[in-house]
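When reading the values below, keep in mind they use all heavy atoms of this one structure, side chains included, and skip hydrogens, waters and symmetry mates.
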Amino acid sequence: MNDNPRARAWLRLAAVYFAVGVTLGVVMGASGDHSLFPVHAHINLLGWVSMALFGLIGTAYPSVSVGRVACAQFWMHNVGVPVMLGALTLRLKGTEAAEPMIGVASIIVGLSALLFAWLVFTRIGGQSRSAQPAGQRRGAA
Ligand code: HEM
Ligand code: HEM
């Protein structure tokens, strides 16, 4: 059903983040050490939840997930999120030098969110629904 490679990539990445986020949640619960809870929360929310939504929205509205802006949004999110959460983990474990990296990576993730908002506003219209045959889709540049 899904011939949209970027939407499929989002859904697979979402599943990976879900597995990692839930595993960290179980480890936190079992160990009683909740110090990484902001990392767990954002693995689940910026990874599992946001990426699953990008994938589902890209499946329902393929024009949101194709083209150069969608490519930039994909890579900014996929570089920004792991760097931000890796640096946050180091920071929570005491490495203060990781703080600027959290800032830079969060800005990249924030910019990717702005690009996604732009895609939603400019690409989702009456003509771009997946119900329409692929050949007739507009705005899929
Ligand atoms: C088996 C699955 C999970 C386990 C065992 C688990 C466990 C935990 C634990 C132990 C905490 C720390 C609570 C605290 O110290 O205040 C936590 C916090 C949190 N978890 Fe999970 N979690 C799971 C799945 C999820 C999922 C799927 C999501 C989101 C989609 C999620 C979102 C959050 C959030 C947002 C927080 C922070 C809550 C706060 O601000 O206090 N968790 N979780
Ligand atoms: C660039 C993206 C993001 C940044 C920089 C960011 C930053 C933050 C910060 C600084 C906190 C407070 C942490 C604390 O006081 O310990 C926080 C908490 C929280 N954020 Fe985010 N956030 C981002 C994206 C998101 C998204 C997309 C969601 C939901 C879909 C989300 C949900 C939450 C929740 C539920 C909390 C409370 C749990 C916690 O403290 O970890 N955040 N976030």
Worksheet item: Roughly how far, to the nearest 0.5 Å, is the CG atom of Leu13 from the CZ atom of Phe74?
Response: 5.0 Å
Worksheet item: So which pairs with a foot in residues 49-67 pass salt bridge (charged side-chain N to carboxylate O under 4.0 Å, His left out), sequence neighbours left out?
Response: none
Response to the item:
So the ring pair (Phe, Tyr, Trp, His ring centres under 6.0 Å) pairs with at least one residue in residues 78-101 (sequence neighbours excluded) are none
Worksheet item: How would you list, by chain and number, every residue that makes a side chain to side chain contact (heavy atoms under 4.5 Å, CB included) with Leu90, sequence neighbours excluded?
Response: Thr95, Ala98
Worksheet, complete the sentence: Contacts of Tyr17 meeting ring pair (Phe, Tyr, Trp, His ring centres under 6.0 Å) (sequence neighbours excluded), chain-then-number -> none
Item to complete: Could you check if a side-chain atom of Tyr61 sits within less than 4.5 angstrom of a side-chain atom of Arg123, using non-hydrogen atoms only?
Response: no
Worksheet item: Sequence neighbours excluded, which residues qualify as side chain to side chain donor-acceptor pair (under 3.5 Å) partners of Thr122?
Response: none
Worksheet item: Excluding sequence neighbours, so at least two apart, what forms side chain to side chain contact (heavy atoms under 4.5 Å, CB included) with Ile107?
Response: Leu111
Worksheet item: If every non-hydrogen atom of Gly67 is compared with every non-hydrogen atom of Arg6, which pair is closest and at what distance?
Response: O-NH1, 3.7 Å
Practice prompt. Can you tell me which residue pairs pass the salt bridge (charged side-chain N to carboxylate O under 4.0 Å, His left out) test with a partner in residues 70-89, sequence neighbours excluded?
Written response: none
Worksheet item: Going by the side chain to side chain donor-acceptor pair (under 3.5 Å) test, which pairs reach into residues 82-92, not counting sequence neighbours?
Response: Arg91-Glu99
Discussion item. Once side chain to side chain contact (heavy atoms under 4.5 Å, CB included) is applied, do any residues pair with Val26, and if so which ones, sequence neighbours excluded?
Written reply: Val22
Discussion item. Taking salt bridge (charged side-chain N to carboxylate O under 4.0 Å, His left out) as the cut-off, I'd like each qualifying pair that reaches into residues 43-65, sequence neighbours left out, listed once.
Written reply: none
Response to the item:
Taken to the nearest 0.5 Å, the spacing of Ser65 OG from Arg8 CZ works out to 11.0 Å
Contacts under 3.5 angstrom, residues 44-58 side chains, donor-acceptor by atom type, not counting sequence neighbours:
residue, atom, partner, partner atom, Å
Asn44, ND2, His40, O, 3.3
Asn44, ND2, His40, ND1, 3.4
Ser50, OG, Leu45, O, 2.6

Practice prompt. Start with the C-alpha gap between Val64 and Ile124, add the side-chain angles, then the distance that decides, and say whether side chain to side chain contact (heavy atoms under 4.5 Å, CB included) holds.
Written response: CA-CA 7 Å; Val64 165; Ile124 298 182; 3.5 Å; yes
Fill in: Check: Ile108 and Trp75 side chains under 4.5 Å, non-hydrogen atoms
no
Practice prompt. Enter the distance from Leu119:CG to Gln73:CD here, rounded to the nearest 0.5 Å.
Written response: 6.5 Å
Worksheet item: Could you go step by step and tell me if Val109 and Met76 meet the side chain to side chain contact (heavy atoms under 4.5 Å, CB included) rule?
Response: CA-CA 6 Å; Val109 176; Met76 284 164 74; over 6 Å; no
Please tabulate, for the side chains in residues 28-38, all donor-acceptor contacts under 3.5 angstrom to protein atoms that are two or more places apart in sequence or on a different chain.
residue, atom, partner, partner atom, Å
Ser31, OG, Val27, O, 2.8
Ser31, OG, Met28, O, 3.4
Ser31, OG, Asp33, N, 3.1
Asp33, OD1, Ser35, N, 2.9
Asp33, OD1, Ser35, OG, 2.8
Ser35, OG, Lys93, NZ, 3.4

Worksheet item: So, for Ala105 and Val83, which heavy atoms are closest and what is the spacing to 0.1 Å?
Response: CB-CG1, 3.8 Å
